[in-house]
2 protein chains.
Amino acid sequence: MAAKLAAHKTGEVTVRGPRGRYAKSDATRAAILDAALEVFAQGGYRSGSIRDVAQRVGISEAGLLHHFSSKPRLLAAVLDRRDELAEHLVPRDLNDGVSALHGLIELARFNASEPGVVELYCTLSAEATSPSHPAHTYFVNRYVEVRRRLQVAFEDLEQRGLVRTGISPEAAVRATIAIMDGLQVQWLLDKSLLDMGEELREFFRTLTTVDI
Amino acid sequence: MAAKLAAHKTGEVTVRGPRGRYAKSDATRAAILDAALEVFAQGGYRSGSIRDVAQRVGISEAGLLHHFSSKPRLLAAVLDRRDELAEHLVPRDLNDGVSALHGLIELARFNASEPGVVELYCTLSAEATSPSHPAHTYFVNRYVEVRRRLQVAFEDLEQRGLVRTGISPEAAVRATIAIMDGLQVQWLLDKSLLDMGEELREFFRTLTTVDI
DNA sequence: GTCTATATGGCGATAGAC
DNA sequence: GTCTATCGCCATATAGAC
């Protein structure tokens, strides 16, 4: 674990001296995960190939499989890594409904700066609606968790009388997630068509009386 | 074209006498398209295989390719057929904004009775955000057309003062499409979670003052 | 109109040398 | 830790018999 924290983005070996014995391995792993994200984003998991990933990294398939022993494990590692990054990125207090809405708008804006990640989740979540997909339970759990968090935010807004109509917090949660997912599809098809953050902001203004 | 109209759903040959010379062929084509829809829905286009389709129909791959000469052509035929059916199903007058909203709710309800079709469009539209996908331009055009139609409806609603906030018709259109797409993903992951028609109805009630 | 046989190539994964 | 070589499988598509 200490080795993980010591990893370098540059991937240079032994820059930190002989004690950095895992540095290269970790750099390679990171490069593989970056490439895998691209490949799975563009082709989805099922038709993305580890061969393609290995070529982008500049190693052989066998070399790749030394680090991630199978294709499903590689996908799991990609998703785990994104979750780690997201955890550091959005550590917001969702108990405050207003700042939660601001956080979501910020998130939408940030996503627009990473089209590959948006593509990954968009493609994967659709692909993974099939129960046999290796990431199926991941996405089921993910949506449960996201709904749980948003529920807290909208309950706060409702108690403060900030929800515009008599819409229930549950429905507001489902609609918010739907809007975010649906905007991504339209945006991926034509990035000049809409600004995801702006669009979400307008949605919140129809849903709430928050001056956002 | 006459042959097409004379086709039988049962697939029985020569029921109509020797003049029904294309009946069997058309029945086979229909069976192939049904099976292809299932396969592409469950696995997406790229990882769905014509082998799988052929097995479901009970013919060989070569037999299938006699009717649809390549995999992309098979996909195109599936989409064309759905468009034909949809044309008969939703010939509504979208100039009347209120009845347009009702039509969309009905459409959402109807979609819930055909999970396979929802899965097909959900999976394909995500997959087809990639420009190299054979259905890419199909989906680009489809979204343009859907937006054009909905735009008319929301302009009508706005002129009649039925849109709740100062939201633009364009934004309302994009949000409506996003909601419909996004609800489908959540619904496919857990069909007991929400009722797509009901959810859309609540959305329209936050967006408009139409008593819907 | 449907079949068998086949060409051609990509895939995930393993074995074993270095 | 990375490679080459290879296995076994599945894919799309074609050729030609019936």
Side-chain angles (χ1 to χ4, degrees), chain A residues 3-4 7-8 11-14 18 20-33 35-36 39-40 42-78 127 132-135, chain B residues 3-4 6-8 11-15 18 20-33 35-36 39-40 42-78 127 132-135:
Chain A
K4 187 165 198 178
H8 277 69
E12 293 303 318
V13 203
T14 66
R21 46 189 162 154
Y22 298 129
K24 174 161 185 199
S25 185
D26 283 358
T28 304
R29 288 174 63 95
I32 291 172
L33 291 176
V39 170
F40 290 150
Q42 284 170 27
Y45 169 75
R46 285 197 262 230
S47 49
S49 72
I50 56 172
R51 183 163 302 182
D52 189 358
V53 176
Q55 274 173 357
R56 286 170 194 239
V57 176
I59 60 173
S60 68
E61 294 171 64
L64 188 156
L65 289 169
H66 169 75
H67 294 281
F68 302 96
S69 55
S70 75
K71 198 188 176 190
R73 280 171 192 274
L74 175 59
L75 175 63
V78 170
E127 205 179 38
S132 66
H133 195 283
Chain B
K4 187 165 197 176
H8 278 67
E12 293 304 316
V13 204
T14 67
V15 173
R21 47 188 161 152
Y22 298 129
K24 175 160 183 200
S25 185
D26 283 358
T28 304
R29 287 174 65 94
I32 291 171
L33 291 176
V39 169
F40 290 151
Q42 284 170 27
Y45 169 75
R46 284 198 262 230
S47 48
S49 71
I50 56 172
R51 180 165 306 180
D52 190 357
V53 176
Q55 273 173 357
R56 287 171 194 241
V57 177
I59 58 173
S60 70
E61 296 172 61
L64 189 156
L65 288 169
H66 169 74
H67 295 279
F68 302 96
S69 57
S70 74
K71 196 188 175 190
R73 280 172 191 274
L74 175 57
L75 176 63
V78 169
E127 207 180 36
S132 66
H133 195 283

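The model shown is predicted, which means the values in this text are computed figures rather than measured ones. Reckoned from all heavy atoms, side chains included, excluding hydrogens, waters and symmetry mates. Numbered from 1 within each chain, the chains take letters A, B, ... in sequence-line order.
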Over all heavy atoms of both residues, which pair between [X] and [Y] is shortest? Give the atoms and the distance, please.
X        : Y         : result
Gly48(B) : Lys71(B)  : O-NZ, 2.8 Å
Tyr45(A) : Pro134(A) : CE2-CG, 3.2 Å
Arg56(B) : Ala35(B)  : CB-CB, 4.0 Å
Ala77(A) : Phe68(A)  : CB-CE2, 3.6 Å

query = Can you tell me if Glu127(B) uses its side chain to pair, donor with acceptor, with the backbone of Gly44(B) under 3.5 Å?
reply = no
task = Under 4.0 Å from any atom of DNA chain D, heavy atoms only: list the residues of residues 55-64 of chain B that qualify, in numerical order.
result = Glu61(B), Ala62(B)
ask   = Residues two or more places apart in sequence or in another chain: which of them pass side-chain contact (heavy atoms from CB on, under 4.5 Å) with Ala31(B)?
value = Val57(B)
task = Could I get the full list of side-chain contact (heavy atoms from CB on, under 4.5 Å) partners for Ala76(B), not counting sequence neighbours?
result = none
[X] has an atom [atom1]; how far is it from atom [atom2] of [N], in whole Å?
X        : N       : atom1 : atom2 : result
Arg73(A) : dT14(C) : CZ    : P     : 11 Å
Leu74(B) : dT12(D) : CG    : P     : 10 Å
Leu75(B) : dT12(D) : CG    : C1'   : 15 Å
Leu65(A) : dA15(C) : CG    : P     : 13 Å
His67(B) : dG1(C)  : NE2   : C1'   : 6 Å

ask   = Within the structure, does a side-chain N or O atom of Thr28(B) lie under 4.0 Å from either OP1 or OP2 of dT2(C)?
value = yes
ask   = So does His66(A) get a side-chain nitrogen or oxygen closer than 4.0 Å to the phosphate oxygens (OP1/OP2) of dC3(D)?
value = no
note = When the rotation axes relating C1' atoms of four end pairs to the next four are compared across the helix from dG1(C)-dC18(D) to dC18(C)-dG1(D), five pairs an end, they differ to 10° by 0°
query = Looking at side-chain heavy atoms only, is the closest gap between Leu75(A) and His133(A) below 4.5 Å?
reply = yes
remark   = Contacts satisfying side-chain hydrogen bond (donor to acceptor under 3.5 Å, both in side chains) that involve residues 61-70 of chain B (not counting sequence neighbours) are Arg51(B)-Glu61(B), Ser69(B)-Arg73(B)
key: Passing option when Ile32(A) is tested against Val78(A), Ile59(A), Ile50(A) for side-chain contact (heavy atoms from CB on, under 4.5 Å)   = Ile59(A)
Show the distances under 3.5 angstrom between N or O atoms of the protein and N or O atoms of nucleotides 8-11 of chain D.
unit_1: dA11(D); atom_1: OP1; unit_2: Ser49(B); atom_2: OG; d: 3.2
unit_1: dA11(D); atom_1: OP2; unit_2: Arg51(B); atom_2: NE; d: 3.4
unit_1: dA11(D); atom_1: OP2; unit_2: Arg51(B); atom_2: NH1; d: 3.4
unit_1: dA11(D); atom_1: N7; unit_2: Arg51(B); atom_2: NH2; d: 3.0

